[in-house]
Every structure is written in structure tokens, then in C-alpha cells.
Amino acid sequence: MVWNDDTVERLKKLWADGLTTGDIGKQLGVSKNAVVGKAHRLGLKARPSPIKRTKKEKDEKIRSVVDLKADSCRWPIGDPRHPNFHFCGKTAIPGKPYCSEHAQIAYVSSSRVREEEPAPAAPAATAPAQGAEPASES
DNA sequence: CCCTGATTCGC
DNA sequence: GCGAATCAGG
């Protein structure tokens, strides 16, 4: 490996960028040892071993049932497998997991459902009352 | 055992 | 000075 100013600069860049020695080595075409060794000699280094890109990524992806209030209507909207799946969220009837509107649909008198009303994925009768667990991302 | 970085040591 | 081998932490 020829450590000219250019390569050294790239090394420092990648190193500062939070890349692991292995990744830097791949991008520079050298082994991780070469990277670590050079970094050591350059003076820079001293990073926690399993350095992780603690940057962004992640976050604001798992949200749906998690932020439901105790009185939020749990009527499912959309496909549970779809990222945009959510719940009605409107204020539910005290003691019930659905708002008045959806409660009518959920608690059909003679097990008969309105034709245009989709059956709830999680029936209120069997769904956990206030402890709805976020089962997304599984 | 996998990963990581740190240090050693022959070249 | 270089980096594979080796060591050590997680």
C-alpha cells in the first residue's frame, strides 16, 4: 500500500466517517490490519471496538399501535402488513376499545356485518383491553 | 464464533 | 514504514 497524502486523507476521512477498519480496508483495497496499523502510526485512532454507525437510520419507522391512548379507538385501518397500517385512533367509548362509530361495527348483534365494513383484524371481544401490544415489525 | 480495534514484530 | 500475526474487548 502506498500511503501518499491522498490515500492517507481518504483513510482519515473514512476513519472519521465512522467506518470500521474492515470497511475502510475494503474501500482502500487493503486489509483491516493495514488500516489499523496506519491509523495507529498516524496518531489517530482509539475508538471503541465494535464501532457502530450510531448516526441516524432507524427511528420513526415503528409507529402505529404504540402511541395509542388508553381511550383510542383500536379499529384497524389498512393492511397490518403494510407500513402505513394504523388504527382509527379516535376517542373510544369508555370501557370499549373502539369509538362509537366502530363499536357498532365491532359489536354486531347477530354476528351480521355491514357489507362495506371490513371485519376487524383484532376483534375487541378478544383483544387486550388497555394493553395493546405493538406487534409491528416482526 | 462472530465482530471490532490495538499491539507486536519480522520484513 | 508497512502490515500479517497476534492479542484483547464485546
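Here is how names work: the chains are called A, B, and so on, in the same order as the sequence lines, proteins then strands, and each is numbered from 1. Reckoned from all heavy atoms, side chains included, excluding hydrogens, waters and symmetry mates.
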State whether A:T20 places a side-chain N or O below 4.0 Å from either non-bridging phosphate oxygen (OP1 or OP2) of B:dT4. yes

For residues 34-42 of chain A, which residues have at least one heavy atom under 4.0 Å from DNA chain C? A:A34, A:K38, A:R41

Please answer whether the main-chain N or O of A:C99 pairs with a side-chain N or O of A:T91 as donor and acceptor at a distance below 3.5 Å. no

Rounded to whole angstroms, how far apart are NZ on A:K26 and C1' on B:dG5? 16 Å

Could you check how far CG of A:N33 sits from P of C:dA8, rounded to whole Å? 16 Å

Rounded to the nearest 0.5 Å, how far does CH2 of A:W15 lie from OG1 of A:T20? 9.5 Å

Approximate separation, where rounding is to 0.5 Å, of A:R10 CZ and A:Q27 CD: 9.5 Å

Examine B:dG5: is either OP1 or OP2 under 4.0 Å from a nitrogen or oxygen in the side chain of A:T21? Give yes or no. yes

Nearest-Å distance for atom pair NZ/P, residues A:K32 and B:dT7: 13 Å

Check the orientation of A:Y98 and A:W75. Use parallel for under 30°, tilted for 30 to 60°, and perpendicular for over 60°. perpendicular

Would you say that more than 12 heavy atoms from the other residues, nucleotides or ligands in this model lie under 6.0 Å from the CG of A:D6, or not? yes

Among residues 3-14 of chain A, which contact DNA chain C at a heavy-atom distance under 4.0 Å? A:W3

Interatomic distance, NZ@A:K32 vs CG@A:D23, rounded to 0.5 Å, equals 11.5 Å

What is the distance from CG of A:L19 to C1' of B:dT4, rounded to the nearest Å? 13 Å

Atom pair CD1/CD of A:I93 and A:E101 - distance to nearest 0.5 Å: 10.5 Å

Determine, stepwise, if the pair A:L11 / A:L42 fulfils side-chain contact (heavy atoms from CB on, under 4.5 Å). CA-CA 10 Å; A:L11 166 60; A:L42 284 175; 3.7 Å; yes

